[in-house]
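Encoded as structure tokens, the structure appears first; notes follow it.
To find a chain, count down the sequence lines: A is the first, B the second, and so on, and within it residues start at 1. Just so we're clear, the structure is a prediction, and the values are computed from it rather than from any experiment. Reckoned from all heavy atoms, side chains included, excluding hydrogens, waters and symmetry mates.
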2 protein chains.
Amino acid sequence: MLNNYSNEDKVLLAVDCIIFGFEKDQLKILLIKRDFEPEKGKWSLIGGFLKKNETLDQAGNRVLKHLTGYDNIYMEQFNAYSEVDRDPVDRTISVSYYALINIETHSALEEQYAAQWFAIDDIPKLIFDHDIMVKHALNRLRYRATHKPIGFELLPEKFTMKQLQKLYESILNTKLDKRNFTSKINGLDILVKLEEKDMNSSRKGSFLYMFDETKYKKKVEEGFTFKI
Amino acid sequence: MLNNYSNEDKVLLAVDCIIFGFEKDQLKILLIKRDFEPEKGKWSLIGGFLKKNETLDQAGNRVLKHLTGYDNIYMEQFNAYSEVDRDPVDRTISVSYYALINIETHSALEEQYAAQWFAIDDIPKLIFDHDIMVKHALNRLRYRATHKPIGFELLPEKFTMKQLQKLYESILNTKLDKRNFTSKINGLDILVKLEEKDMNSSRKGSFLYMFDETKYKKKVEEGFTFKI
DNA sequence: TCAAAAGTGTTTGCCATACACCCATGA
DNA sequence: TCATGGGTGTATGGCAAACACTTTTGA
């Protein structure tokens with residue numbers, strides 16, 4: 001006998017994305033104004049429905065590509081939400097992803113869509129259970145960013161030590177000591193210090209760095225583990 | 001206009017459970033022999049389909065209750081699996097949970113169902129993508145057990161320091177130093193040392209301990225964080 | 001010459017690790 | 001009395017945290 005599962009209930013599966021960015025020393029998330037009922041006009045995460053012939057990761061990528069035009073965005077699934085009435089229209093389970101993008105290379109987002117960046121401690125009330133999703137996403141990001149070198153996804157390719165520090169400060173919601181941070185990062189030995197300086201922030205200028213992914217991967221193979 | 005999502009695809013949602021237990025100094029998982037096609041007779045995780053009017057947590061609890069008769073089992077959701085062909089019968093997305101049970105109080109499981117405990121480094125080939133689920137569950141358990149006092153879920157109410165050490169050794173897949181382990185645990189100050197001894201393992205007998213959940217919660221409120 | 005940010009080392013305390021002997025008991 | 005597992009303390013090294021002054025440069 002071939003069981004065909006025909007008596008089982010089918011449901012809608014949505015993918016919702018918490019898109020993180022970093023700008024003006026602040027961690028931000030991208031929200032859109034929902035343009036259909038229910039909750040039309042309210043702020044919402046970016047999302048979409050899973051289609052029959054794609055995986056959740058593919059659906060997440062599709063949603064992100066539709067919004068940004070890019071399809072190599074860092075993304076991690078973190079939780080499924082399934083309260084029976086979480087979406088008043090129809091029974092919908094949502095699998096949530098957080099994504100990290102470099103705001104500078106996606107600067108056209110805000111005009112193209114009714115999208116807007118919000119600093120993480122200034123987020124408006126969101127529809128459905130999206131508030132709790134954001135909270136969970138941030139927890140996951142905090143953990144991941146201290147254990148894997150994903151923070152660089154949020155920065156331009158070339159960045160200063162100060163930018164990196166501010167990034168971690170805003171992800172972790174703490175102040176860090178400049179000297180300790182610098183020596184910790186240098187100790188990791190996965191950045192390239194460029195000759196070039198960023199002259200925007202001071203007269204003296206500050207050296208730019210790049211993440212050396214090749215070196216990082218080589219070190220991982222040799223047993224290195226990233227930890228901040 | 002009220003959007004009714006009517007053009008979207010619906011899918012089956014399954015819940016699969018990795019049930020961990022601890023017996024004879026070994027971390028184990030409970031598997032069943034699948035009794036319907038496809039893959040009938042192969043080893044499989046315990047699972048079930050999400051019903052229209054329940055949450056994923058409720059579905060997980062239902063599956064566990066059906067198997068064990070208990071419904072207060074520690075359980076944590078950890079990932080959704082969505083490869084298009086992961087289940088050959090129909091498009092099915094699986095949300096996976098790991099659960100921790102005390103084997104002693106559920107000793108009848110093996111006979112009641114075609115279920116069997118397998119030591120984690122002696123697990124047979126499983127159906128579908130269940131192998132990878134087990135691997136991910138173990139990773140999550142390793143993380144969680146070092147950050148929250150959930151290991152006790154796997155032990156009898158009263159346990160010896162040695163049992164606790166062996167438990168952590170098998171979860172973390174390492175050897176631990178007896179003196180260091182003991183003083184670390186005692187330093188946490190969340191166990192009650194009983195007057196009672198376990199006389200089964202030696203002539204001298206070894207003191208029994210209990211997890212003091214009330215004390216733990218009080219300490220957490222005061223800023224304590226569990227860490228092993 | 002001054003204001004503003006960049007860059008740089010040392011000291012301290014704590015925690016993780018390594019390590020070995022005596023104790024209690026029943027056979 | 002002996003074999004078996006239970007129970008206990010100290011010394012060391014490494015890492016995290018605290019901390020302040022000099023440098024550079026354009027205005």
Test your reading of the model: is there a side-chain donor-acceptor pair from [X] to the backbone of [Y], 3.5 Å cut-off?
| X | Y | answer |
| --- | --- | --- |
| A:Q58 | A:T55 | yes |
| B:T146 | B:R142 | yes |
| A:K197 | A:K204 | yes |
| B:D129 | B:I132 | no |

Measure from [atom1] on [X] to [atom2] on [N] and round the result to the nearest Å.
| X | N | atom1 | atom2 | result |
| --- | --- | --- | --- | --- |
| A:F181 | D:dC19 | CZ | C1' | 18 Å |
| B:K166 | D:dG5 | NZ | C1' | 12 Å |
| B:K193 | D:dG6 | NZ | P | 13 Å |
| B:L208 | D:dG7 | CG | C1' | 15 Å |
| A:N200 | C:dA4 | CG | P | 18 Å |
| A:M199 | D:dT25 | CE | C1' | 8 Å |
| A:L188 | D:dA16 | CG | C1' | 14 Å |
| B:M161 | D:dG6 | CE | C1' | 12 Å |

Please write out each protein N/O paired with an N/O of nucleotides 11-13 of chain D under 3.5 Å, distance rounded to 0.1 Å.
none

* Mind running side-chain hydrogen bond (donor to acceptor under 3.5 Å, both in side chains) on B:D16 and B:S94 for me, showing each step along the way? => CA-CA 7 Å; B:D16 286 305; B:S94 168; 2.7 Å; yes
* Hey, does the side chain of B:S202 come within less than 4.0 Å of C:dA24's phosphate (OP1/OP2), counting only N and O? -> no
* Looking only at side-chain N and O atoms, does B:K162 come under 4.0 Å of OP1 or OP2 in D:dG5? ->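 Indeed not, no polar side-chain atom of B:K162 lies that close.
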* **Sequence-aligned protein contact record of nucleotides 10-23 of chain C, with B where the base is within under 4.0 Å of a protein heavy atom and S where only the sugar-phosphate is** => -------BBBB--B
* To do: Can you pull out how bent the helix from C:dT1-D:dA27 to C:dA27-D:dT1 is, comparing the axes over its first five and last five pairs, to 10°?
  =>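 Helix axis angle between the two ends: 10°.
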* Asked: Rounded to the nearest 0.5 Å, what separation is found between the CD1 atom of A:I228 and the OH atom of A:Y168?
  ->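 One finds 3.5 Å between CD1 of A:I228 and OH of A:Y168.
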* So which heavy atom on B:G205 is nearest to which on B:M199, and how close? -> CA-SD, 3.5 Å
* For the residue pair A:Y98 and A:Y74, does the interplanar ring angle fall in the parallel (under 30°), tilted (30 to 60°) or perpendicular (over 60°) class? ->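 Judged by the thresholds at 30° and 60°, the geometry between A:Y98 and A:Y74 is tilted.
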* To do: Over 60° means perpendicular and under 30° means parallel, so classify the ring planes of A:Y216 and A:F224, tilted if in between.
  => perpendicular
* Quick check, are the ring centers of A:F211 and A:F159 under 6.0 angstrom apart? -> no
* With ring centroids as reference points, do B:Y81 and B:H130 lie under 6.0 angstrom apart? -> no
* To do: For the side chain of B:S206, starting at C-beta, report the closest nucleotide among C:dA5, D:dG5, D:dG7.
  =>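 Looking only at heavy atoms from C-beta outward on B:S206, the closest nucleotide is D:dG7.
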